[in-house]
Amino acid sequence: MKKKLLSLFLASAMVISMAACGNNGVTTNNAPENTGADNEEVGDNSQETQEQEGTKPNAPSGQLVIGSTTDLKSDFLPGWSNDAQNQACYLLLFDQGYSTVQYTKEGEFVFNPTVVKSHEETENPDGSKTFTVTIQDGLTYNEGTPITAKDYVFQALLVSSPEMGAVDGFSSDGYIYVYEGYEEYNSGQTKNFKGVRLVDDMTYSVTVKADELPFHYDIYYAGLVPYPISVISPGCTVEDSEDGATITGEFTSDVLQETVNNPQTGYRYRPLVTAGPYQFESYDTTTKQGVLTVNPAFLGDYKGVKPLIEKIILKTVTSATSIDELRAGTVDLLSGVSGGTEINAGLDLVDEGIAQKAVYLRAGYGKIAFDCSVFPVDSVNVRQAISYIIDKDEFVRQYTGGYGKSVYSFYGLSQWEAIENADWIESELNHYDVDVEKAKSLLAEDGWTFNKDGEEYKDGDGTRYKRLEDGTLAPLTINWANTPNNPVSTLLSSVLPDAMTEIGMELNPTTIEFGVLTESIMHRTDVQYHMYNLATGFSSAHSPWYYFSMDDDRMGLYNQNWIKDEDLAKTSWAMKSIPYEDKEGWVEAWKEFIKTWNEKLPDIPLYSDQYHDFFTNKLKGYEPDGLWDWRYAIIDAYIQE
Amino acid sequence: MATVQYFVKRLFYIIIVFFFVSIIMFFIYKSVPGDPVRMMLGNNITNPQVYQQQYDSMRESLGLDKSLPIQYISWISKMLTGNFGFSIQYRQDVIRIVAAPLKNTVTLNLFSMFFVFLISIPLGILTGVKHNSVLDNTVQVGTIVGYSLPTFVIALLAIFLFAIVFPLFPISGVNTPGFTGTGMEKALDTLHHMFLPMLVMVLGGVGSVVRYVRAAMIDVLRMDYIRTARAKGLREQVVIYVHAFRNALIPIVTIMTGWLISVFGGSVVIESIFLWNGIGKMMIDALNQRDFSVVLTMQMFYVVLTLAGNVIMDIGYCMVDPRVKLTN
């Protein structure tokens with residue numbers, strides 16, 4: 001008996017001792033359990049907070065822990081990571097700061113008045129276009145060093161230089177290649193970048209190549225971001241000549257390898273001199289948590305607004321426990337929550353008064369993507385027939401738990417064009433509501449009129465066949481590649497086979513890993529699939545002409561549908577040349593493209609989520625939307641303890 | 001002399017196996033479909049020529065434009081000199097990025113292992129000695145439950161109980177976000193975060209070890225020399241701990257060696273659920289991203305550990321059983 005008691009005591013002692021040695025540092029609360037679900041505002045594109053907003057503080061205060069299901073890596077300088085958390089840091093440390101062109105909450109690109117004193121656009125006789133930008137006096141980095149035009153020119157020269165290209169792992173993903181002389185400078189043929197000029201200490205100019213123009217968002221090309229030359233290339237400077245700007249001094253890959261890529265001190269890992277609204281504080285490789293603090297020298301964003309949240313901490317969460325983390329107070333903000341289960345759990349917190357919410361529609365959608373280069377889905381009739389047998393509204397209801405909407409063409413519900421033309425979308429676009437008879441007639445029109453014996457197809461004959469030019473019969477079989485552990489695949493698997501059988505179509509599903517699926521989309525393996533499960537997201541500089549171009553070198557990577565359709569290419573290409581100021585013209589061209597896409601149907605849009613941001617009650621003034629997510633919205637927000 | 005010969009032979013064996021396994025591993029991973037460079041570059045570059053240029057340049061700098069045999073020779077020769085390659089996911093040398101997760105994994109595993117053996121050896125001896133008693137039956141049922149329940153179920157239950165219903169421990173992570181404090185305070189904070197993943201590992205691990213120890217003890221306690229020891233009038237504790245347990249150690253050494261090797265291997269499930277930044281999670285992420293340098297480095301590390309572990313196991317047998325000799 002004594003031994004039993006002893007063993008019990010030892011086990012209990014271990015549990016208690018471990019509990020006792022770890023009771024510091026975590027905020028907890030004893031909130032009651034979740035009760036019920038709340039789904040009253042489906043389809044509502046609104047932001048909502050539960051409590052009245054209080055007075056804004058005069059100075060930055062408080063901290064916000066932001067949870068993301070993506071890990072934060074140790075890269076804080078653009079060019080090394082495409083991950084969402086790192087991209088957020090790039091914005092807060094660089095782009096949302098003294099970039100000369102900024103994206104606004106209203107969905108426009110503007111010259112940033114906090115940074116730009118004056119700007120000029122010159123159309124050159126050779127068709128190129130020069131943007132000349134003069135920056136304001138008094139701009140400084142976070143540690144007080146004045147910012148001049150040299151810092152802006154240095155950024156363009158640095159990221160496109162062969163010296164930087166030779167630094168381990170760097171890849172430039174910007175748009176510097178549109179400037180004249182990029183190829184010569186990037187390849188090392190010239191030391192001067194012809195299209196980038198240092199006009200004077202406070203003025204730079206960039207010249208965009210004629211063959212990149214006209215481009216609807218050409219203002220975007222005028223934007224540069226300051227990089228501190230004295231930190232990244234100590235002892236170097238930027239000089240200008242008729243051949244363009246150049247970096248003089250000891251500007252070599254070896255130096256950059258040390259100043260940028262040194263694991264302990266490199267600018268890539270510790271960008272201590274920056275000009276964004278936030279500055280780098282720390283990154284912990286053990287926990288993968290990053291800390292950013294307010295940049296005290298920041299004069300404001302394009303509206304002159306300075307951040308009021310003193311410290312931002314980026315932390316990884318899992319979707320299984322993220323809402324619990326918010327309840328426990330170990331996370332303050334969860335952005336872009338989707339799916340019924342998680343949203344309902346978050347809404348329970350809102351109902352209990354533990355958290356607030358902001359609701360907005362996604363700038364993108366989940367879809368079935370067709371490979372339009374492959375028989376039989378190279379036929380628009382076949383693609384439309386498949387769309388007619390899927391109940392998209394029911395799919396949205398089941399997949400998103402009611403927190404989503406249907407999309408009918410190549411647009412995101414949070415894009416201003418879609419918002420302003422919601423009525424037109426409803427009335428003019430084909431919704432492809434379920435219509436089995438229509439699907440059958442489309443297939444019959446397309447020649448799918450035979451059974452396997454070559455006789456006329458009748459309902460109940462099984463798979464339809466089509467007689468090809470060589471006289472052989474081809475079955476209407478659709479090879480569908482989907483990814484494992486994907487609820488969209490599961491849901492489609494329960495819907496598609498029976499529906500397809502009903503119209504004489506045979507589904508041949510294969511589950512493959514995403515990496516394999518990507519290779520297949522790129523046609524780097526045998527082309528064997530007709531359709532895939534994918535999702536798409538639209539950027540602020542929405543440029544559909546890249547995705548429906550008929551150029552062979554855009555197939556796969558950009559034109560993932562491999563669709564060579566003249567109407568689609570023409571209508572999307574027409575948008576590219578519309579001047580940025582011509583909103584009316586843009587909307588007309590957009591409508592034409594959207595209508596054409598809706599008919600050609602290279603994808604079947606299945607659902608567009610209604611995203612929910614759940615956040616602590618202490619966060620005020622936080623108003624995100626589909627293209628103005630937390631990375632932007634956080635600048636206007638503040639903490640009220 | 002025989003012992004020296006034994007070690008030379010084992011060393012030779014280790015080298016041969018190492019190279020053989022390295023060839024198999026390398027070619028298996030390289031044949032996995034998926035293009036690491038495309039995954040690395042993403043699709044932010046809208047100009048196809050610029051994309052292709054960067055793609056080609058990246059492939060060249062990573063040596064992926066060479067034939068597989070040349071890639072193997074380059075990889076193995078670099079690895080033998082301590083250069084474990086370049087991670088395409090982190091865009092850093094592999095040696096730099098594995099240190100922190102490996103440390104986290106080893107810390108968690110060492111703590112777990114300590115408590116697993118602290119609990120399971122006495123419990124195994126006790127249930128072996130008192131087999132078929134109420135205590136034994138209770139422990140048997142308990143260990144079967146712990147042994148057979150999937151880890152993720154135990155993990156989620158532990159989170160629900162100890163982090164949500166009774167918010168005693170954090171749900172996930174290695175440290176409190178933005179933690180500032182002394183080294184000791186940080187260590188305590190880490191221990192606080194480690195408790196739940198460790199509890200899950202201990203609950204899962206105790207079951208198997210208890211049953212091993214119990215079975216070994218029952219076998220040994222049936223031996224004649226135990227009967228002789230008791231007949232000589234030795235105290236029961238001496239019989240159990242000096243005579244029986246020492247002889248029961250051989251199977252226990254086997255599993256302890258296995259555990260020692262596994263100290264360096266992370267649990268994907270536990271590390272993912274508790275967001276414990278460990279090597280298991282890193283390995284699965286690396287596989288998904290086709291980051292073969294990371295995967296191959298860790299795999300070869302485990303190969304070396306396993307081969308060395310076999311030698312350590314043999315030495316362990318010698319230590320616990322003088323009848324065992326290290327000879328050819």
Side-chain angles (χ1 to χ4, degrees), chain A residues 3-4 7 10-11 14 18-19 21-26 28-30 63 65 73-75 80-82 165 168-169 171-173 175 177 263 284-289 291 311 313 315-318 320-321 324-325 327-328 330 513-516 518-519 522 524-525 543 546 551 553-554 557-558, chain B residues 32-35 38-52 54 57-58 86 90-92 96 100 103-104 115 118-119 122-123 126 135 156 159 163-164 167-179 181 185 188-189 191-193 195 198 272-273 275 277 285 288 290:
Chain A
K3 285 175 184 170
K4 289 177 194 170
S7 61
L10 284 172
M14 183 202 76
M18 288 308 293
C21 72
N23 62 353
N24 61 328
V26 171
T28 58
N29 62 49
N30 292 303
Q63 74 169 29
V65 181
K73 296 200 174 85
S74 56
D75 296 305
W80 270 278
S81 175
N82 298 318
D168 293 343
S171 61
S172 173
D173 60 358
Y175 46 81
Y177 62 83
D284 187 345
T285 51
T286 307
T287 60
K288 290 192 172 176
Q289 288 175 8
V291 181
K311 187 185 277 188
I313 299 167
K315 177 188 189 296
T316 314
V317 294
T318 64
T321 57
D324 295 322
E325 297 240 24
R327 176 186 287 275
T330 47
E513 229 210 320
F514 189 73
V516 184
T518 310
E519 288 297 278
M522 294 293 297
R524 285 167 61 89
T525 56
S543 311
Y546 292 131
D551 293 347
D553 55 5
R554 289 202 181 273
L557 190 61
Y558 306 100
Chain B
V32 173
D35 187 336
R38 285 201 195 283
M39 288 192 168
M40 187 175 172
L41 285 178
N43 58 357
N44 291 337
I45 306 167
T46 50
N47 182 305
Q49 287 80 34
V50 174
Y51 180 91
Q52 195 59 43
Q54 292 207 3
S57 160
M58 203 63 85
F86 190 76
Y90 291 84
R91 304 199 192 189
Q92 294 180 46
R96 277 208 65 231
K103 184 181 143 206
N104 285 341
F115 284 109
L118 188 74
I119 296 166
L123 205 57
L126 195 64
L135 171 74
L156 291 174
I159 288 173
I164 296 170
L168 297 169
F169 300 99
I171 293 167
S172 69
V174 180
N175 277 115
T176 303
F179 184 84
E185 285 167 342
L188 289 174
D189 187 55
L191 278 175
H192 189 203
H193 282 75
F195 183 83
M198 190 183 69
S272 298
I273 291 177
L275 292 171
N277 176 25
D285 289 347
N288 286 333
R290 306 295 187 266

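One finds the OH atom of B/Tyr51 at 5.0 Å from the CG atom of A/Leu557 (value rounded to the nearest 0.5 Å).
Side chain of A/Asn82 to backbone of B/Met40: a donor-acceptor contact under 3.5 angstrom is found.
The shortest side-chain heavy-atom distance between B/Val174 and A/Lys288 does not fall under the 4.5 Å cut-off. Counting only heavy atoms from C-beta outward, the side chains of B/Ser172 and A/Glu325 approach each other to under 4.5 Å.
Residue A/Asp284 touches chain B through its side chain alone, counting heavy-atom pairs closer than 4.5 Å. With a 4.5 angstrom heavy-atom cutoff, B/Ser272 touches chain A only via backbone atoms. Residue contact with chain A, scored on non-hydrogen atoms closer than 4.5 Å, is absent for B/Gln52. Contact of A/Val516 with chain B is made through backbone and side chain together, with heavy-atom distances under 4.5 Å. Contact of A/Asp553 with chain B is made through backbone and side chain together, with heavy-atom distances under 4.5 Å.
When all heavy atoms of A/Thr285 and B/Ala100 are compared, the closest pair comes out as O-CB, 3.7 Å. In terms of heavy-atom proximity, B/Ile159 sits nearest to A/Thr321 at CD1-CG2, 4.0 Å. A/Thr330 and B/Pro177 make their closest contact through O-CG, 3.8 Å (heavy atoms, listed as atom of the first residue, atom of the second, distance). When all heavy atoms of B/Gln92 and A/Ser74 are compared, the pair lying nearest together is NE2-OG, 2.8 Å. Of all non-hydrogen atoms in B/Asn277 and A/Thr286, the two that sit nearest each other are ND2-O, 3.0 Å. Between B/Gln54 and A/Ser172, the shortest heavy-atom distance links the atoms NE2-O, 2.8 Å.
Not counting sequence neighbours, A/Tyr546 has no partner by the ring pair (Phe, Tyr, Trp, His ring centres under 6.0 Å) test. Residues satisfying the salt bridge (Lys or Arg N to Asp or Glu O under 4.0 Å) criterion with A/Arg524, sequence neighbours excluded, are A/Glu519, B/Asp35.
A donor-acceptor pair shorter than 3.5 Å can be found between the side chains of B/Arg91 and A/Ser171.
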